[in-house]
**Q** 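Below you will find the structure I want to go over with you.
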Amino acid sequence: MPKLTLDELKALRDKAKESIKTRDGKGRAKIIVHMGTCGIASGARNIMNSLLKELEERNITDVIVTTSGCAGLCSHEPMMTVEIPGKPPVKYIDLTEDKVKKIMVEHILGGNIVVDYALAFGSETVY
Amino acid sequence: MKRYRTHLLLCTGTACVSNNAFNIKKSLEIEIKKHNLENEVLIVPTGCNGFCERGPILVVQPDGIFYQQLKESDIPYLVEEHFLKGRPVKKLMYTPSKGEEVIPKMMDIEFFKHQILIALRNRGRIDPEEIEEYIANDGYQSMGKALFEMTPEEIINEVKISGLRGRGGAGFPTGRKWELCRASKGDVKYIICNADEGDPGAYMDRSILEADPHSVIEGMVIGAKAIGAHKGFVYVRDEYPLALKRISIAVEKAKDYGLLGEDILGSGFDFDLKIVRGGGAFVCGEETALMQSIEGKVGRPTPRPPYPAQKGLWGKPTNINNVETWANIPVIIARGGDWFSRIGTETSKGTKVFSLVGKVNNTGLVEVPMGITLREIIYNIGGGIPNGKKFKAVQTGGPSGGCIPEELIDLPVDYEQLTKAGAIMGSGGLIVMDEDTCMVDVAKYFVSFLEDESCGKCVPCRSGIRRMREILTRITQGKGKEGDIELLEELAETIKKASLCGLGQTAPNPVLSTIRYFRDEYEAHIKKKRCPALVCKDLIIYRIIPEKCTGCRRCVQVCPTGAITGPKAQPHNLDASKCIKCGACYEVCRFDAIAGDAIYME
Ligand SMILES: Cc1cc2nc3c(=O)[nH]c(=O)nc-3n(C[C@H](O)[C@H](O)[C@H](O)COP(=O)(O)O)c2cc1C
Ligand code: SF4
Ligand code: SF4
């Protein structure tokens with residue numbers, strides 16, 4: 001390790017900050033991939049991998065990716081829910097890696113819902 | 001930079017490590033690999049999370065889920081359910097007490113809610129062995145500011161404005177201490193971090209070194225610039241292997257990165273830091289003894305004056321501060337002394353780290369603002385006294401602190417208030433005692449500790465403490481005499497006045513404070529030969545209450561001396577002449593049929 005200068009220390013800080021952002025639990029969006037047994041069987045793992053790859057390639061660090069159990073719509077797996085603070089959550093169904101790419105660009109980065117792939121607005125309410 | 005969707009913050013502080021945290025880590029690694037999650041889920045070994053009572057602890061981010069009391073056998077299920085399938089596992093979460101709803105998120109748990117973290121700002125959040133994680137949380141930025149933008153006078157002034165006082169015991173204003181050392185004549189000066197921490201039950205400083213060693217290093221470089229020192233020492237208690245390892249790694253890494261050593265960050269300022277292992281005695285934590293020990297001599301106190309700031313290590317001006325004091329410095333420089341001084345009371349600013357132990361539900365390490373009441377610490381954070389028992393007293397300030405009774409539980413915690421109550425802030429030990437505690441026995445315990453730890457250099461401490469212990473022992477054996485209390489008080493005054501160092505000067509505190517608040521308990525022992533808390537063995541007798549005894553034979557099985565006999569299903573007999581008063585029968589009896597009675601010898 002070469003000795004740092006003050007500017008290099010600041011640059012290192014900025015870079016390192018990105019890698020621990022996940023720890024704050026804050027982000028501009030949250031993506032929930034549904035990972036019940038049904039989801040895994042229909043390829044939710046691939047969806048997760050391509051999501052993470054997309055984020056990494058685009059160097060996006062303030063989007064939280066998490067998993068949840070079966071969403072109760074097993075015939076439409078793989079599924080994911082996109083939550084942007086202040087907006088109703090959107091559920092996407094029958095996902096493929098290409099669809100994920102499009103959702104990433106249009107919805108998560110652009111703020112426009114990809115209506116064609118969306119099932120409905122809203123996460124389920126539990127009574 | 002590699003991105004992980006989930007970070008697992010696994011506590012690897014000393015307490016969790018002794019509860020198997022490293023094996024849990026291995027098992028997490030295996031299971032995560034098994035499910036091919038190693039590119040998604042990152043395991044971060046952190047320092048002490050604080051809630052040691054519930055260890056081993058794992059905090060899952062970004063969800064903020066708090067898992068506790070983990071066992072290796074829980075891990076396969078946990079990894080599959082939560083980290084693969086996204087279903088948090090309720091049965092591994094925290095419940096305040098049996099039957100209550102679980103509290104999934106760490107930030108909703110009472111124990112954490114009332115804390116303010118300054119010295120412990122990174123605890124449980126970073127891997128202490130990875131310097132980049134400290135840097136990611138703005139680490140070493142204050143040092144950069146101090147080296148490039150501030151004059152020594154400005155640094156000292158900022159620390160003075162903050163109102164920070166030493167966290168190692170005496171509470172001397174830190175800015176003033178630095179100023180005195182800076183003003184001392186001489187071109188070679190030293191600074192020291194005191195991490196000797198010898199108080200039984202206290203582990204604040206150990207935790208800081210284990211969880212966030214760079215915060216101490218950064219504080220020291222800032223102090224070095226303010227004082228004009230180019231060499232420093234961290235004096236670490238020998239029994240702290242993990243703390244020693246982490247601070248050593250931290251120093252090496254900081255040197256690699258040019259954050260220690262020559263021409264730090266290209267500022268032209270040099271500072272070299274060396275780690276010294278402690279001499280192993282309690283008195284080595286006293287500043288003059290500590291310096292003797294660093295010089296390679298036997299760690300014994302020397303008279304002050306001269307103070308370290310005038311003539312310290314090898315006769316050079318030296319500034320010594322406690323671990324927690326140093327760890328506060330980077331925050332004061334980053335946020336300003338003004339900001340810091342807004343937390344706390346009139347005379348005591350900022351926060352204090354306490355190790356909360358004894359008869360309290362949530363034992364652990366807590367950082368709270370000065371001025372918080374003892375009640376808030378013990379009941380809101382500590383969750384009260386276990387098993388429905390009554391609170392009796394809390395000992396603050398370690399072995400030479402004092403016991404504060406129930407009447408004063410609403411006392412705001414600051415240096416002056418505690419001193420007024422006959423206790424001290426000390427380094428921050430809080431030992432909670434319930435109704436089953438005998439205060440004479442407590443005083444005896446601490447005095448015996450201090451008797452063993454007295455270095456023997458001066459007579460009042462050496463002989464005086466021994467005399468006090470002898471008298472206390474006599475009292476607990478039912479051999480107390482009229483006038484013993486007064487004799488203890490007289491001895492205490494002499495020891496306080498005539499001892500050379502802080503150990504002797506504060507040694508009478510536990511005796512004086514227990515006499516002050518629990519005089520009736522001393523009198524019961526002396527006059528009635530009775531121990532009201534039923535602790536002093538010589539003053540109790542065990543007997544069986546025939547009306548309650550069902551003859552279940554449980555006590556017969558546990559009695560180590562065969563003192564209890566009797567046929568099954570009939571009231572048993574207890575032979576007092578064979579009984580060694582171990583209390584085992586009393587503990588196992590399910591029918592309250594064993595009584596521990598006070599002996600009256602009127
Ligand atoms: C018997 C005795 C033991 C002490 N042990 C410690 C200790 O373990 N750690 C510590 O920081 N200070 C300890 N002190 C206090 C130190 O002498 C000194 O006041 C302190 O390190 C100064 O740092 P501060 O101003 O940051 O509190 C002890 C004092 C006495 C009298
Ligand atoms: S007061 Fe006690 S510990 Fe301190 S120098 Fe004297 S004998 Fe030693
Ligand atoms: S107190 Fe101990 S020794 Fe005495 S009778 Fe009970 S079990 Fe036996």
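In what follows, chains carry the letters A, B, and so on, assigned in the order in which the sequence lines appear, proteins first and then strands, with residues in each chain numbered from 1.
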**Q** The test is side chain to side chain contact (heavy atoms under 4.5 Å, CB included); show your working for B:E40 and A:R45 and say whether it passes.
**A** CA-CA 11 Å; B:E40 297 172 35; A:R45 301 275 313 133; 3.2 Å; yes
**Q** Let me see the working for B:L265 and A:L4 under side chain to side chain contact (heavy atoms under 4.5 Å, CB included), right down to the final yes or no.
**A** CA-CA 6 Å; B:L265 291 174; A:L4 296 173; 4.1 Å; yes
**Q** With B:K90, which residues qualify under side-chain hydrogen bond (donor to acceptor under 3.5 Å, both in side chains), at least two apart?
**A** none
**Q** Determine whether B:N137 and A:I20 satisfy the following criterion, side chain to side chain contact (heavy atoms under 4.5 Å, CB included), listing intermediate values before the conclusion.
**A** CA-CA 9 Å; B:N137 286 297; A:I20 61 160; 3.6 Å; yes
**Q** Just how far is it from atom CG of A:L6 to atom CE of B:M143, taken to the nearest 0.5 Å?
**A** 8.5 Å
**Q** Are more than 12 heavy atoms from other residues, nucleotides or ligands located less than 6.0 Å from atom NZ of A:K53?
**A** no
**Q** Pick whichever of B:V59, B:V44, B:D263, B:V60 has the most heavy-atom pairs under 4.5 Å with chain A.
**A** B:V44
**Q** Verify the neighbour count for atom CD of B:E154: are there more than 12 heavy atoms of other residues, nucleotides or ligands below 6.0 Å?
**A** yes
**Q** Tell me, side chain or backbone of B:L9 under 4.5 Å from chain A's heavy atoms, or both, or neither?
**A** side chain
**Q** Would B:R5 and A:E56 pass as an ion pair if we require N to O under 4.0 Å?
**A** no
**Q** Taking all atoms of both residues into account, what is the closest heavy-atom pair of A:K17 and B:D138, and its distance?
**A** NZ-OD1, 3.1 Å
**Q** Does any backbone or side-chain atom of A:V33 lie under 4.5 Å from a heavy atom of chain B? Answer side chain, backbone, both or neither.
**A** neither
**Q** Do other residues, nucleotides or ligands put more than 12 heavy atoms under 6.0 Å from the NZ atom of B:K231?
**A** yes
**Q** Give the minimum heavy-atom separation between A:L9 and B:Y140, together with the two atoms involved.
**A** CD2-O, 3.5 Å
**Q** Sort B:Y4 into side chain, backbone, both or neither according to what part of it lies under 4.5 angstrom from a heavy atom of chain A.
**A** backbone
**Q** Are any side-chain N or O atoms of A:K3 and backbone N or O atoms of B:Y257, one a donor and one an acceptor, separated by less than 3.5 Å?
**A** no
**Q** In terms of heavy-atom proximity below 4.5 Å to chain B, should A:I31 be classed as side chain, backbone, both, or neither?
**A** neither
**Q** Within a radius of less than 6.0 Å around NZ of A:K101, do more than 12 heavy atoms belonging to other residues, nucleotides or ligands occur?
**A** no
**Q** Taking every heavy-atom pair that is under 4.5 Å apart, which of A:K10, A:E8, A:R13, A:M48 has the most such pairs with chain B?
**A** A:R13
**Q** Let me confirm one number: the CG-CD1 distance from A:L12 to B:I135, rounded to the nearest 0.5 Å.
**A** 4.5 Å
**Q** Under 4.5 Å from any heavy atom of chain A, what part of B:I264 do you find: side chain, backbone, both or neither?
**A** neither
**Q** Do any N or O atoms from the side chain of B:R87 and from the backbone of A:T67 form a donor-acceptor pair under 3.5 angstrom?
**A** no
**Q** Please look at B:K253 and chain A and tell me whether the side chain, the backbone, both or neither of the residue comes under 4.5 angstrom of a heavy atom of that chain.
**A** neither
